[in-house]
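Every value quoted in this text rests on a predicted model; they were computed, and no experiment measured them.
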Amino acid sequence: MPKLPKLPKPPKPMLSVRAALDFLLAAARPVAAIDTVPTLEANGRVLAVAQTSAMNVPARDNTQMDGYAVRARDCASGAAALPVSQRIPAGHVGQPLQPGTAARIFTGALIPDGADAVVMQEQCELADGVVTVRHAPAAGDWIRRAGEDIGSGSVILAAGTRLRSQELGLAASVGLAQLPVRRKLRVAVFFTGDELTMPGEPLAPGAIYNSNRFTLRALLENLGCDISDYGIVPDALDATRGVLRAAAEAHDLIITSGGVSVGEEDHIKPAVEAEGSLNMWQIAVKPGKPLAFGEVKDAFFIGLPGNPVSSFITFLMFVRPFILRLQGVEDLAALAPKAYSLRADFNWPKADRRNEFLRARMNAGGGLDLFPNQGSGVLTSTVWGDGVIDNPPGQTIAAGDSVRFIPFSELLH
């Protein structure tokens, strides 16, 4: 992986959300290695090379519905009686259609030579092998033309596309059995804090369960990363430095949680500065603020806050787009989640100097309700809510105001 560019340290005061995100994305360099994987196994991967169709889709003219293939001029009267000369199911090739006859045809079947229209079966009456066509079709009615969806030689998927079910179906529709994708991102994670305990273990006085380990690992799994979990690291500078060195050996990105403030027991900042470099430190975001970014050897480093909601929100807003960029997503617009202008059904009278991300959910009236406790340790707000309100610095909210709402569905994958 290329080394980080020698970016200047951000000026004070704290970086805005937009400036911090621009800073991260400017530093990101996609992984270079390419894997060729079966199309069936490419879900969530990022396409490394643009894909071109070697065929037309549809390959030949076919019918859009069940009915009768006819010559339009044979049905000009609006009550033509035509003998049914053949039956053409999908997947079968019919015989050329003789003048003055009709062919029973089923959705997806190829239009026989000589036919130039399809009449839907609801407009026909069949009796004793003769169909009465009670409609005067125009040439081309209910026919899918060859190549009307995809033309041979056209690019169907651009490089840098993150592959979803739709893209996989499109690739399969032109016969692509394998796809070249960027290799999976290798991410190391560890968690600092002597107070952290794993669920299932006794909880000593002053201890807390390590919820961030479960949240962050699930978020990384949603993004298709290969994860190495170094577990809980003691609050000690030497221990932190040792894990950083080990993690940097075989990973593209190191993510930590906790220890990024400036207290005596917060060792992430000095450890990263001793083993590599730190390029960014604080962001004007709430919940959040302390978010460290730098490098250790050839690995990128991001240090998240320890408070569970702060860690969750900063991952969604900053780490997710950074990871997508490392994975090779090229369209910067695709890195930004879709936001919607919705009505606030609450009052938020205290403006904050930082950009706030308020946990909220839609109500039956199409407005937004706010979770009553917006504290950075209140994980219930992330379960109760179905998204966040992106509230700019210095902004109060009154009931009836339009606010910018980002659903979690736009952020979790």
Side-chain angles (χ1 to χ4, degrees), residues 10-24 208 211-212 215-216 219 257-263 266 280-293 302-321 336-412:
K12 293 188 176 181
M14 296 177 288
L15 280 179
S16 69
V17 168
R18 182 71 260 171
L21 187 55
D22 288 346
F23 191 86
L24 285 167
I208 59 172
S211 61
N212 286 351
T215 304
L216 294 179
L219 290 168
S257 172
V260 291
S261 294
V262 290
D266 295 318
M280 187 171 71
W281 183 241
Q282 290 187 334
I283 300 173
V285 61
K286 183 179 181 179
K289 187 179 175 181
L291 187 144
F293 173 64
I302 295 180
L304 299 175
N307 280 325
V309 180
S310 299
S311 179
F312 178 66
I313 294 296
T314 50
F315 185 100
L316 297 181
M317 297 303 163
F318 302 103
V319 183
R320 175 185 175 273
K338 291 184 177 64
Y340 302 87
S341 181
L342 296 179
R343 184 190 68 249
D345 287 344
F346 61 89
N347 294 302
W348 188 251
K350 285 189 176 182
D352 196 281
R353 66 190 180 97
R354 291 177 282 170
N355 196 139
E356 298 175 290
F357 289 99
L358 307 170
R359 278 77 70 204
R361 72 180 180 191
M362 292 185 64
N363 56 42
L368 292 171
D369 295 328
L370 192 70
F371 192 77
N373 187 341
Q374 292 289 318
S376 60
V378 184
L379 265 180
T380 47
S381 66
T382 66
V383 176
W384 177 91
D386 50 23
V388 292
I389 294 168
D390 180 2
N391 194 40
Q395 182 72 51
T396 60
I397 302 172
D401 288 349
S402 292
V403 294
R404 186 172 185 265
F405 181 70
I406 307 174
F408 284 141
S409 59
E410 290 288 332
L411 296 166
L412 297 178

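Distance check: Ile302 CD1 to Ser257 OG gives 12.5 Å after rounding to the nearest 0.5 Å. Note that the NZ atom of Lys289 and the OG atom of Ser310 stand 11.0 Å from one another [nearest 0.5 Å]. Of the inter-residue distances, the one linking Leu219 atom CG with Phe315 atom CZ reads 5.0 Å to the nearest 0.5 angstrom. Annotation: the span from Leu291 atom CG to Thr314 atom OG1 amounts to 5.5 Å, rounded to 0.5 Å. Atom OG of Ser311 and atom CG of Leu379 lie 9.5 Å apart (nearest 0.5 Å).
Two residues are said to be in side-chain contact when any heavy atoms from C-beta on lie closer than 4.5 Å; Pro321 and Leu24 fail this criterion. Between Pro308 and Thr215 there is no side-chain heavy-atom pair separated by less than 4.5 Å. Here the side chains of Trp384 and Asn373 are not in contact, with every heavy-atom distance at 4.5 Å or above. Considering only heavy atoms from C-beta on, Thr382 stays 4.5 Å or farther from Phe371 through its side chain. The shortest distance between side-chain heavy atoms of Arg354 and Ile283 does not fall below 4.5 Å. Within the 4.5 Å cutoff, the side chain of Val319 has no heavy atoms near those of the Phe293 side chain. Side-chain contact between Asp386 and Met362: present, with at least one pair of heavy atoms (C-beta onward) separated by less than 4.5 Å. Between Val17 and Phe357 the shortest side-chain heavy-atom distance falls below 4.5 Å.
Put simply, the side chain of Asn347 never gets that close to the backbone of Pro349: no donor and acceptor are under 3.5 Å apart. The main-chain N or O of Leu412 is never found under 3.5 Å from a side-chain atom of Arg320 such that the two would form a donor-acceptor pair.
When every heavy atom of Gly375 is checked against every heavy atom of Val309, the shortest pair comes out as O-CG2, 4.0 Å. Listed here is the closest heavy atom pair of Leu370 and Arg359: CD1-O, 3.5 Å. The nearest pair of heavy atoms linking Phe346 to Leu368 is CD2-O, 3.4 Å. Smallest separation of non-hydrogen atoms from Gly306 and Asn212: O-ND2, 2.8 Å.
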Side chain to side chain contact (heavy atoms under 4.5 Å, CB included) for Met14 and Val285? Distances and angles first, verdict last.
CA-CA 9 Å; Met14 296 177 288; Val285 61; over 6 Å; no
Check the pair Asp345, Arg343 against salt bridge (charged side-chain N to carboxylate O under 4.0 Å, His left out), reporting the backbone distance first and the verdict last.
CA-CA 6 Å; Asp345 287 344; Arg343 184 190 68 249; 2.7 Å; yes
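Between Phe408 and Phe312, a ring centre-to-centre spacing shorter than 6.0 Å is recorded.
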Solution key, residues 387-401 side-chain donor-acceptor pairs under 3.5 Å, sequence neighbours excluded:
unit_1	atom_1	unit_2	atom_2	d
Asp390	OD1	Asn355	ND2	2.9
Asp390	OD2	Arg404	NH1	2.6
Asn391	ND2	Glu356	OE1	3.1
Asn391	ND2	Gln395	O	3.0
Asp401	OD2	Ala398	N	2.8

